[in-house]
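Here the structure is laid out as structure tokens; the discussion comes afterwards.
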Amino acid sequence: MLDLTYITENADAVQQNCRDRGVAFEIGELLSLAEQRRTLIAAGDALRHEQKEVSGKIPKAPADERGGLVARGKELRELVSDKEKELAAVESALRARQLQIPNMTHPDAPVGPDESHSRTIREWGDKPKFDFQPRDHVELMSQLDLVDLEGGAKVAGHGFYYLKNEAVLLELALVQYAVAKLRAEGFTLFTTPDLARDEVLEGIGFNPRGPETQIYSVQNTDLSLVATAEITLGGLLKDEILDAGTLPRKYAGLSHCFRTEAGGHGKATRGIYRVHQFTKVEMFGYTGPDVAASDELHATIVRIEEDIFQGLGIPYRVIDTCTGDLGGPAYRKFDLEAWMPGRNEYGEVTSASNCTDYQSRRLGIRCKSPDWKGTRFVHTLNGTAVACTRAMIAILENHQQADGSVVIPPALRPWVGCDRISPKA
RNA sequence: GGAGAGAUGGCUGAGUGGCCGAAAGCGCCGGUUUGCUAAACCGGUGUACCGGGUAAACCGGUACCACGGGUUCGAAUCCCGUUCUCUCCGCCA
């Protein structure tokens with residue numbers, strides 16, 4: 001959510017930014033509601049002021065004046081109440097519009113309506129050259145007895161899966177690897193709830209219960225299954241005022257992620273690429289309220305993601321996401337796309353966003369410093385350390401051998417306990 | 001799941017209808033005193049919104065004592081609902 005004063009003072013820039021991001025929004029109505037809001041607040045405050053004066057006089061008033069004052073007090077109570085109702089209606093309409101406005105955009109982010117306008121800013125690693133026809137992860141996993149997709153579908157439906165045998169070790173190893181890396185980078189480690197209140201989801205920028213929701217919600221409660229630990233790590237400091245001296249804060253969270261993938265059918269539904277549940281280690285950052293600080297942590301988060309994939313020996317490219325694909329909260333977003341030989345294309349494995357104060361404003365996460373008066377909204381950032389299923393696909397497909405075995409990257413061997421997964425005898 | 005107690009400023013904690021945005025202490029900031037540090041003393045110290053001020057300083061107003069409703073001329077204080085915390089009992093990985 002953007003600041004109302006900012007919107008009204010920068011109406012043209014906000015309107016243009018909506019166009020760049022492909023958000024149909026006309027700012028005129030919002031501006032007129034904002035004006036109504038001011039007027040109603042001023043009128044309400046004046047009435048309450050009189051109300052206080054009147055009721056303050058009553059205890060010392062002579063008996064013959066008291067009746068009149070009480071009557072005026074009653075009258076004022078009605079007037080105040082009417083103004084409050086009017087104001088509540090205006091503010092609710094105003095907020096509904098305010099929430100439609102996406103975050104402002106980093107000046108260097110590429111402008112364009114869709115994926116094709118995103119920019120590749122770096123590539124790392126050499127795509128493996130196979131002297132055989134490479135298999136995709138489904139084939140590999142089934143030959144190596146690493147997954148039971150039918151079992152997952154039977155028990156929970158399409159999009160769920162059982163990992164088996166070394167794949168279990170591989171998932172745990174990826175978690176360990178990521179967590180160890182983040183601890184060394186100074187992150188505070190968390191395991192987080194896998195559910196969160198709807199208001200937290202909304203604060204982060206998800207719509208838990210709309211018709212096109214990507215979120216599983218629990219009936220008769222205000223809880224939803226989280227789509228990422230970004231939700232729980234960002235919600236952790238909701239409504240708090242932090243000492244700016246304690247920023248930046250770097251949190252890492254391990255959670256399950258649940259996504260309905262509504263409308264995602266038909267594309268890349270094979271195997272474990274697009275699933276309804278997966279395990280992920282997520283980074284979340286809180287910085288002070290200036291873009292220099294949050295951009296710096298953003299770069300660090302991307303660097304860590306690259307370290308992680310370089311350590312796994314997986315070729316990837318870094319994408320600077322264009323305006324049309326940024327979503328609501330992101331000011332700028334970098335994705336890592338890993339090379340996936342089975343698909344013969346790149347697949348998204350991480351995503352790192354600087355959300356500036358867009359999330360913190362709705363979540364009420366502020367900070368205080370002797371350097372300025374009052375409080376300011378912190379900046380929040382998030383990035384994937386390891387999304388287990390996608391990372392596993394990249395490992396299996398890039399490190400496969402002619403005989404159908406898969407070489408485990410050295411970085412994971414301490415936890416997997418072997419250097420290769422071979423077909424069962 | 002059952003029974004009870006509670007939620008007040010950064011913290012501790014007083015306050016049961018008007019003189020309470022809220023005592024006191026701690027902490028923090030500024031000052032005085034002082035070989036240094038400490039102590040002592042004096043002063044200051046919440047947030048949001050609306051308006052004024054070119055802006056900062058600052059000034060005026062309103063709201064906020066977990067959250068939401070209600071009673072009343074007037075609510076931190078009374079009533080109802082919700083959430084959360086603690087204690088005891090039961091159950092349980």
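Letters A, B, ... are given to chains in the order of the sequence lines, protein chains preceding strands, and every chain is numbered from 1.
Under 4.0 angstrom from either OP1 or OP2 of rC50(B) there lies at least one side-chain N or O belonging to Arg37(A). At the phosphate of rU72(B), neither OP1 nor OP2 sits under 4.0 Å from any side-chain N or O atom of Ser55(A). Under 4.0 angstrom from either OP1 or OP2 of rG61(B) there lies no side-chain N or O belonging to His49(A). At the phosphate of rG51(B), OP1 or OP2 sits under 4.0 Å from a side-chain N or O atom of Arg38(A).
Separation of the P atoms belonging to rC67(B) and rG10(B) is 13 Å when rounded to the nearest angstrom. rU45(B) and rG9(B) have their C1' atoms separated by 11 Å, given to the nearest Å. rU8(B) and rA3(B) are spaced 25 Å apart, taking the P atom of each and rounding to whole Å. Comparing rU33(B) with rA40(B), their C1' atoms are spaced 8 Å from each other, to the whole Å.
Taking atom NZ on Lys52(A) and atom C1' on rG18(B), their separation rounds to 12 Å, with Å as the unit. Following rounding to the nearest Å, Asp243(A) (CG) and rU47(B) (P) show an atom-to-atom distance of 13 Å. Computed from coordinates, the Lys368(A) NZ to rC28(B) P distance equals 15 Å when rounded to whole Å. Atom CD1 of Ile365(A) is separated from atom P of rU47(B) by 18 Å (rounded to the nearest Å). Protein atom CD of Glu240(A) is 17 Å distant from nucleotide atom P of rU47(B), rounded to whole Å. Taking atom CZ of Arg48(A) as the reference point, atom P of rC50(B) lies 14 Å away to the nearest angstrom. The distance between atom CD1 of Ile58(A) and atom P of rC73(B), rounded to the nearest whole Å, is 8 Å. The interatomic distance linking Gln51(A) (CD) with rG61(B) (C1') rounds to 14 Å, in whole Å.
In this structure, rU47(B) and rA63(B) make a Watson-Crick or G-U wobble pair, each of the two defining distances being under 3.5 angstrom. Remark: rG90(B) base-pairs with no nucleotide; criterion is Watson-Crick or G-U wobble with both hydrogen-bond distances under 3.5 Å. Both distances falling under 3.5 Å, in either a Watson-Crick or a G-U wobble arrangement, place rG30(B) opposite rC42(B). Across all strands shown, rC36(B) has no partner, as no Watson-Crick or G-U wobble contact with both distances under 3.5 Å is found. Under the Watson-Crick or G-U wobble criterion, with both distances below 3.5 Å, rA75(B) has no partner in any strand shown. Checking rA23(B) for Watson-Crick or G-U wobble geometry (two distances, each under 3.5 Å) identifies no partner in any strand. Across the strands present, rG17(B) finds no partner; the criterion is a Watson-Crick or G-U wobble pair with both atom distances under 3.5 angstrom. Partner assigned to rG68(B) is rC80(B), using Watson-Crick or G-U wobble distances below 3.5 angstrom.
Salt bridge status for Lys164(A) with Asp148(A): absent, with no side-chain N to carboxylate O gap under 4.0 Å. Remark: Arg197(A) does not engage Glu199(A) in a salt bridge, criterion side-chain N to carboxylate O under 4.0 Å. Using a 4.0 Å cut-off between a side-chain N of Lys or Arg and a carboxylate O of Asp or Glu, Lys154(A) and Glu150(A) do not qualify as a salt bridge. A salt bridge links Glu50(A) to Arg72(A): at least one charged side-chain nitrogen sits closer than 4.0 Å to a carboxylate oxygen. One finds a salt bridge joining Arg97(A) and Glu29(A) here, because a Lys/Arg side-chain nitrogen approaches an Asp/Glu carboxylate oxygen to under 4.0 Å.
Lys57(A) comes within 4.0 angstrom of nothing in the nucleic acid, heavy atoms only. Using a 4.0 Å heavy-atom cutoff across all strands shown, Gly374(A) reaches sugar-phosphate atoms only and no base atom. Heavy atoms of Leu69(A) sit nowhere under 4.0 angstrom from any nucleic acid atom.
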Intermediate values then yes/no, salt bridge (charged side-chain N to carboxylate O under 4.0 Å, His left out), Asp243(A) and Lys368(A) | CA-CA 5 Å; Asp243(A) 176 351; Lys368(A) 255 183 126 142; over 6 Å; no
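Both Arg66(A) and Gly44(A) sit near RNA chain B, but only Arg66(A) has its closest nucleotide nearer the 5' end. Between Thr375(A) and Glu50(A), the residue whose closest nucleotide on RNA chain B is further toward the 5' end is Thr375(A).
Using a 30° and 60° split on the angle between ring planes, His276(A) and Phe160(A) fall in the tilted class, from 30° to 60°.
Both tests do not hold together for Arg390(A) against Phe278(A): distance to the six-membered ring centre under 6.0 Å, angle to the ring axis within 45°.
In summary, the side chains of Thr192(A) and Thr232(A) do present a donor paired with an acceptor at a separation below 3.5 Å, with no hydrogens or angles considered.
Considering only the side chain of Ala42(A), rC50(B) comes nearest among rA63(B), rA48(B), rC50(B).
Of the residues in residues 72-90 of chain A, those placing a heavy atom less than 4.0 Å from an atom of RNA chain B are Gly73(A), Lys74(A), Arg77(A), in numerical order.
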